[in-house]
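Side chains included, hydrogens not; waters and symmetry mates left out as well; all remaining heavy atoms used. Model, not experiment: these values are computed from the prediction.
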Amino acid sequence: MKRNIKYGLMAKGCKVPLGYFLNGLFYERAANHGTAQGFVDEKGYFYAATNGLLAKHTRPTAKIEGLTYIRLADIAEFELVMFDA
């Protein structure tokens, strides 16, 4: 993921992003308080925040390949759409 580019997480058929990535951090659209809900490591693995903490010792929940977010639990794919940050 490129720095200073906002990537919207889009489900198939939706016009509004479920959340967005910015500089490796994930923010849920519904959570407008500005706290990151997860992060992407240098290999493209996504880790969800646990109790509000971003910890690398948890298991990844998704993998990002190019502009595709792949949920590891069920291999569901979501599109990442670039926006100006």
Side-chain angles (χ1 to χ4, degrees):
M1 300 180 108
K2 295 181 181 178
R3 305 277 306 157
N4 300 321
I5 300 287
K6 185 187 267 188
Y7 295 89
L9 180 63
M10 304 293 289
K12 193 176 237 178
C14 290
K15 295 182 181 182
V16 177
L18 301 171
Y20 64 91
F21 290 92
L22 180 62
N23 296 331
L25 297 175
F26 177 73
Y27 300 91
E28 287 183 5
R29 184 166 172 76
N32 289 328
H33 47 76
T35 303
Q37 302 298 310
F39 70 97
V40 179
D41 70 8
E42 60 280 347
K43 294 180 183 177
Y45 285 99
F46 173 73
Y47 297 84
T50 305
N51 297 328
L53 300 173
L54 299 175
K56 273 195 168 182
H57 66 275
T58 60
R59 291 185 188 181
T61 57
K63 171 78 170 150
I64 296 176
E65 294 179 358
L67 292 177
T68 303
Y69 174 97
I70 304 165
R71 196 166 49 200
L72 298 176
D74 58 3
I75 314 300
E77 293 186 2
F78 299 83
E79 182 181 8
L80 295 175
V81 178
M82 291 190 286
F83 297 98
D84 290 330

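- Cation-pi geometry between Lys6 and Phe83 is not met at under 6.0 angstrom from the ring centre and within 45 degrees of the axis.
- Taken to the nearest 0.5 Å, the CD1 atom of Ile64 stands 7.0 Å off from the OH atom of Tyr69.
- With contacts defined as side-chain heavy-atom distances shorter than 4.5 Å, the pair Thr68/Leu80 does not qualify.
- Rounding to the nearest 0.5 Å gives a distance of 7.0 Å between CG of Leu22 and CG of Asn4.
- Here the shortest heavy-atom pairing between Glu28 and Gln37 reads CG-CG, 3.6 Å.
- At least one donor-acceptor pair under 3.5 Å links the side chain of Tyr7 to the backbone N or O of Lys2.
- With hydrogens and angles ignored, the 3.5 Å screen pairs no side-chain donor or acceptor of Lys43 with any backbone N or O of Lys63.
- The minimum heavy-atom distance linking Pro17 with Gly8 is given by the pair CB-CA, 4.1 Å.
- Through direct or relayed side-chain contacts under 4.5 Å between Ile, Leu, Val, Met, Phe, Trp and Tyr, Ile75 connects to Ile70.
- Expressed to the nearest 0.5 Å, how far OH of Tyr27 lies from OG1 of Thr35 amounts to 8.5 Å.
- What you find for Arg71 and Phe78 is that their closest heavy atoms are NH1-CZ, 3.7 Å.
- The shortest non-hydrogen separation linking Leu25 to Ala36 is CB-CB, 4.1 Å.
- Contact of the Leu72 side chain with the Pro60 side chain is registered, since non-hydrogen atoms from C-beta on lie closer than 4.5 Å.
- Ring planes of Phe26 and Phe21: tilted class, angle from 30 to 60°.
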